[in-house]
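What you see is a predicted model; the values in this text were computed from it and never measured. Heavy-atom basis, side chains included; hydrogens, waters and symmetry copies ignored.
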Amino acid sequence: MATAGQVIKCKAAVAWEAGKPLSIEEVEVAPPQAMEVRIKILFTSLCHTDVYFWEAKGQTPVFPRIFGHEAGGIVESVGEGVTDVAPGDHVLPVFTGECKECAHCKSAESNMCDLLRINTDRGVMIGDGKSRFSINGKPIYHFVGTSTFSEYTVMHVGCVAKINPEAPLDKVCVLSCGISTGLGASINVAKPPKGSTVAIFGLGAVGLAAAEGARIAGASRIIGVDLNANRFEEAKKFGCTEFVNPKDHKKPVQEVLAEMTNGGVDRSVECTGNVNAMIQAFECVHDGWGVAVLVGVPHKDAEFKTHPMNFLNERTLKGTFFGNFKPRTDLPNVVELYMKKELELEKFITHTVPFSEINKAFDLMAKGEGIRCIIRMEN
């Protein structure tokens, strides 16, 4: 493209300080360096992780910063040494990566790349320790290597998944974070057998994606557990067949579930990050074969406590990161699941706003309204 090798001036939503509304600014985006890709973002969406680090209540504050990590776009130009993608390719940016060289990338069992796994404190590129964004010569920091709340962004090629150009980017963009995380937690990690019973703790976007994964796998009963009963009706669209609100019961929720399922569920997937829900999700699975999968990110001081007999009685506890998907290898196949109509994405998308109204997406999430809000970069 004509802009290759040049600095691009474009609009970006900049967070100047923690918790303050984002401001649409003109930023300069430097060309990609070795092993980097510059991407024109067409659609992005807001994930709870953006809000969490924007509020910066429990983390290292890095400002001014461009947030955003769930998105879809088109490669504008590539840096030296990039062979996997070319200008014009349709891509999904991912907050974690796949260098294809480290022990994790070479293992069939891991997706936790040594070089490119998520780093929330880093605000610069790993190649040279500098930002590719600036305003009047002053750096604006990156977020998780993606920074998709900008019309153009620069990323390491290992965090860029090349996908089918026929796939609608305004739908498949939600696969670059939360939906894949929940889906993979079910189909790659919990692996519910056909006809099995699955409990899903937390019915936000990730939990609903986990329910969708259980539905695709052929689970016969999918029990949604959430403190917000307003979510139950919507969750039926994602395969949930029944619901438990812990507030409606005097006894612990794991006992309620054991009574409902003749001794416990076959699989459980925990998507809240609340350590008590994690313990409940483990203790509610059936002895002998039950598997619990933890997805939610806990408070840094949280401790998981359960009796060792729960393990000795042949219950299994697993954790997952990004649904055990390798970003570059596996995401193109998840997009194909959507293209074959085996995975439904439209029902996750409840709102759409133009880029100029990006703060509305934050307001919707603060109110707990909707599941995913798509932000259109071009009005």
Side-chain angles (χ1 to χ4, degrees), residues 1-14 24-44 65-101 113 115-116 122-170 172-173 175-176 327-329 331-332 335 355 375-379:
M1 297 193 184
T3 45
Q6 314 283 320
V7 169
I8 288 180
K9 288 187 174 180
C10 70
K11 289 195 181 82
V14 176
I24 304 284
E25 308 280 357
E26 184 178 80
V27 298
E28 296 195 337
V29 185
Q33 301 302 304
M35 301 311 288
E36 294 175 2
V37 180
R38 188 160 58 182
I39 300 166
K40 180 180 171 109
I41 299 293
L42 296 182
F43 299 95
T44 185
R65 200 173 208 183
I66 296 171
F67 286 99
H69 64 281
E70 255 189 23
I74 296 175
V75 174
E76 173 270 337
S77 62
V78 301
E80 191 188 328
V82 172
T83 54
D84 282 18
V85 295
D89 284 349
H90 286 220
V91 294
L92 299 182
V94 188
F95 62 90
T96 184
E98 183 184 353
C99 73
K100 299 194 176 179
E101 300 294 327
C113 176
L115 180 69
L116 300 168
R122 187 169 56 224
V124 293
M125 301 301 289
I126 58 173
D128 61 1
K130 293 177 181 165
S131 172
R132 300 286 172 263
F133 298 109
S134 61
I135 294 180
N136 300 329
K138 292 201 170 73
I140 308 293
Y141 294 108
H142 295 249
F143 176 63
V144 297
T146 52
S147 292
T148 62
F149 293 166
S150 173
E151 291 174 324
Y152 287 86
T153 190
V154 176
M155 294 180 57
H156 190 285
V157 66
C159 302
V160 177
K162 178 181 169 180
I163 62 162
N164 181 346
E166 300 291 309
L169 288 171
D170 60 332
V172 297
C173 64
L175 289 172
S176 71
R328 294 204 277 176
T329 301
L331 271 194
V335 169
F355 189 39
I375 298 151
R376 299 189 309 275
M377 302 309 282
E378 296 175 337
N379 290 343

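- Of all the heavy atoms in V94 and M155, the pair that sits closest is N-CE, 3.8 Å.
- Aromatic rings of F143 and F67 (six-membered ring for Trp) have centroids within the 6.0 Å cut-off, being under it.
- Between K162 and V160, every side-chain heavy-atom pair lies at or beyond the 4.5 Å cut-off.
- Although no hydrogens or angles enter the test, the distance criterion places a donor-acceptor pair under 3.5 Å between the side chain of E98 and the main chain of R328.
- Here CG of D170 is found 13.0 Å from CD1 of I375. Values are rounded to the nearest 0.5 Å.
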Under the side chain to side chain contact (heavy atoms under 4.5 Å, CB included) rule, what do K100 and D84 come out as? Steps first, then yes or no, please. CA-CA 11 Å; K100 299 194 176 179; D84 282 18; 3.8 Å; yes
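- Between V7 and S134, every side-chain heavy-atom pair lies at or beyond the 4.5 Å cut-off.
- In this pair, F133 and H142 present their aromatic rings tilted. The plane angle is within the 30 to 60° band.
- Atom OG1 of T148 is separated from atom CZ of F43 by 13.0 Å, given to the nearest 0.5 angstrom.
- The OG atom of S131 sits 7.0 Å away from the CD1 atom of I66 when rounded to the nearest 0.5 Å.
- Within the 4.5 Å cutoff, no side-chain heavy atoms of K40 are placed close to those of I8.
- Contact record, A161 with P327: CB-O, 3.6 Å, taken as the closest heavy-atom pair.
- Proximity of D89 to I74: side-chain heavy atoms (C-beta onward) are nowhere separated by under 4.5 Å.
- Within the 4.5 Å cutoff, side-chain heavy atoms of I126 are placed close to those of L116.
- Here the shortest heavy-atom pairing between M377 and T44 reads SD-CG2, 3.9 Å.
- The closest side-chain heavy-atom distance from V78 to V85 is below 4.5 Å.
- Listed for the S147 side chain is no donor-acceptor partner under 3.5 Å among the backbone atoms of T153.
- Among all heavy-atom pairs drawn from V335 and A167, the shortest one is CG1-CB, 3.6 Å.
- A donor-acceptor pair under 3.5 Å is formed between the side chain of T146 and the backbone N or O of G68.
- Between the CZ atom in R122 and the OH atom in Y141 there is a gap of 14.0 Å [rounded to 0.5 Å].
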Full working for side chain to side chain contact (heavy atoms under 4.5 Å, CB included) between L92 and V172: CA-CA 8 Å; L92 299 182; V172 297; 4.2 Å; yes
Return all side-chain donor-acceptor pairs below 3.5 angstrom for residues 31-38, not counting sequence neighbours, or 'none' if the list is empty.
unit_1: Q33; atom_1: NE2; unit_2: P31; atom_2: O; d: 3.2
unit_1: E36; atom_1: OE1; unit_2: Q33; atom_2: N; d: 2.9
unit_1: E36; atom_1: OE1; unit_2: R132; atom_2: NE; d: 2.8
unit_1: E36; atom_1: OE1; unit_2: R132; atom_2: NH2; d: 3.3
unit_1: E36; atom_1: OE2; unit_2: R132; atom_2: NH2; d: 2.9
unit_1: R38; atom_1: NE; unit_2: E76; atom_2: OE1; d: 2.6
unit_1: R38; atom_1: NH1; unit_2: Q6; atom_2: O; d: 2.8
unit_1: R38; atom_1: NH1; unit_2: V29; atom_2: O; d: 2.9
unit_1: R38; atom_1: NH1; unit_2: A30; atom_2: O; d: 3.4
unit_1: R38; atom_1: NH2; unit_2: T3; atom_2: O; d: 3.0
unit_1: R38; atom_1: NH2; unit_2: Q6; atom_2: O; d: 2.8
unit_1: R38; atom_1: NH2; unit_2: E76; atom_2: OE1; d: 3.4
unit_1: R38; atom_1: NH2; unit_2: E76; atom_2: OE2; d: 3.3

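- In this structure, the separation between CD1 on I39 and OH on Y152 is 12.0 Å, given to the nearest 0.5 Å.
- One distance of note links CD of E25 with CD1 of I140; it measures 8.0 Å at 0.5 Å rounding.
- When every heavy atom of L331 is checked against every heavy atom of L175, the shortest pair comes out as CD2-O, 3.7 Å.
- Among all heavy-atom pairs drawn from G72 and C173, the shortest one is N-CB, 3.5 Å.
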